[in-house]
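Notes follow the structure.
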Amino acid sequence: MFSALSLLTFVTLALDIAANPVVIDRSPVLSIPLTKIHNITSGHNLVASGLARAQSFKDRAKAHDLAEIRKRQSVPVINEVVSYIASVGVGASDTQYQLIVDTGSSNTWVGATTKYVPSSTSTDTGDRVSVSYGSGEFSGTEYIDEVTLSSSLVIKSQSIGVASSSEGFEGTDGIIGIGPDDLTEDTVSGVSTVPTVTDNLFSQGTIAEKVVAISFEPTTTDEVTNGELFFGGTDSSKFTGDITYTTRTGDYWGITQTVTYGSTTIQSSLSGIVDTGTTLLYLEENGFDKYIKATGGVLDNETGLYKITTAQYNALENLVFTIGGTEFSLTPNAQIWPRSLNTDIGGSASSIYLVVANLGGEEAGFDFIDGYAFLERFYSVFDTTNNRVGFATTSFTTATTN
């Protein structure tokens with residue numbers, strides 16, 4: 001539910017829209033709350049789920065033919081452990097669906113748990129729709145329907161997938177995709193791409209720019225509403241200082257960054273992606289090995305994560321990401337899994353686990369994934385209008401809750 005801030009009206013702080021996204025001061029109109037959930041199943045491997053998703057990214061980048069992508073995705077479907085959920089209304093009855101917020105895909109679909117019932121606003125296009133994520137997949141039929149994100153964020157004619165089958169989405173109803181619209185290519189039969197929710201909010205005049213900003217917070221409980229998805233600009237109450245922008249690269253929300261740990265360069269000007277659907281922070285193998293050598297981490301077979309001692313934790317240095325010329329530092333506390341949730345992932349309550357994982361060998365455009373472990377410490381902006389990604393510090397950047 002919205003906070004007391006949702007009673008305040010919004011004002012535009014940025015005048016030069018071409019150069020900077022609209023900055024909104026504490027707007028109730030353009031944002032929806034996000035709830036963080038943990039989806040833990042017996043035998044779940046935190047690292048493997050992220051690697052399965054990463055492989056699907058790589059496969060799609062290499063093969064634009066959907067049949068070829070599916071053929072190459074032979075890894076088992078594994079639920080992602082941490083998801084942020086938005087409650088989204090669909091149809092004339094405004095049926096609420098709990099949808100995963102995903103910057104790594106662009107289709108919006110429902111029906112994984114709560115079944116879709118057509119209403120007076122529904123149109124069955126008859127076209128087949130299917131998407132495979134590595135960490136899940138669905139197939140079904142495309143409908144055009146009314147989608148309600150909030151009372152002031154209503155899309156009259158949105159393409160949605162209605163799942164006839166799905167796998168890997170237990171406990172949720174589907175996905176709201178906020179990736180670049182070209183990620184919808186070849187997902188719906190008979191059309192090349194379909195407009196995303198952001199595209200349609202812009203085209204119908206609800207938002208001034210095709211910009212989505214996301215606020216996360218580090219948490220220590222299994223389920224809590226503490227995130228925000230903001231459309232059309234940025235929410236000045238959610239970040240500190242200035243937003244640094246860098247040009248988007250590749251098919252996804254890709255960026256270039258340099259990573260250092262103390263005096264050690266972990267990665268130098270490599271390209272990767274920013275992804276809300278990935279739980280951990282992944283580095284390509286060479287960089288990962290440097291990080292583990294510097295921190296002294298040891299593989300824990302139960303969780304798949306690397307474990308450090310209390311003395312090693314006390315000696316941790318900042319892991320620094322230089323993006324667009326600005327340094328964003330993951331503090332020692334930000335580099336570890338929340339200790340109160342250790343047993344949720346099959347770990348020991350008294351252990352300390354690093355949230356940095358091995359992505360494997362170098363591959364152009366996929367040398368890292370800045371997942372939730374990174375994004376919970378910084379405000380992130382996904383700007384389609386200006387083809388860029390932005391970051392800013394928040395009041396939680398240096399939190400010690402983990």
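The figures here come from the full heavy-atom set of this structure, side chains too, leaving out hydrogens, waters and symmetry mates.
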Over all atoms of both residues, closest heavy-atom pair of Tyr353 and Lys307:
CE2-CD, 3.9 Å
Residues which pass salt bridge (charged side-chain N to carboxylate O under 4.0 Å, His left out) with Arg339, listed by chain and number, not counting sequence neighbours
none
State the CD-CG distance between Gln158 and Asp145, to the nearest 0.5 angstrom.
10.0 Å
side-chain contact (heavy atoms from CB on, under 4.5 Å) assessment of Asn200 paired with Val197
CA-CA 5 Å; Asn200 282 329; Val197 291; 6.0 Å; no
For Gly360, does its backbone N or O pair with a side-chain atom of Asn358 as donor and acceptor, under 3.5 Å?
yes
Report the relative orientation of the aromatic rings in Phe169 and Trp109; use parallel for angles under 30°, tilted for 30 to 60°, perpendicular for over 60°.
perpendicular
Test side-chain contact (heavy atoms from CB on, under 4.5 Å) applied to Leu319 and Val356, step by step:
CA-CA 10 Å; Leu319 186 62; Val356 180; 4.1 Å; yes
Which of these, Ile175, Asp181, Thr187, sits in a side chain to side chain contact (heavy atoms under 4.5 Å, CB included) with Asn107?
Thr187
Which residue in the set Phe239, Phe328, Phe391 passes ring pair (Phe, Tyr, Trp, His ring centres under 6.0 Å) when paired with Phe378?
Phe328
From the options Thr279, Thr303, Asn402, select the one residue that forms a side chain to side chain contact (heavy atoms under 4.5 Å, CB included) with Trp337.
Thr279
If we ignore angles and hydrogens, is there a donor and acceptor under 3.5 Å between the side chains of Ser271 and Thr256?
yes
Who pairs with Glu146 by salt bridge (charged side-chain N to carboxylate O under 4.0 Å, His left out), at least two apart in sequence or on another chain?
Lys156
Over 60° means perpendicular and under 30° means parallel, so classify the ring planes of Phe288 and Tyr306, tilted if in between.
perpendicular
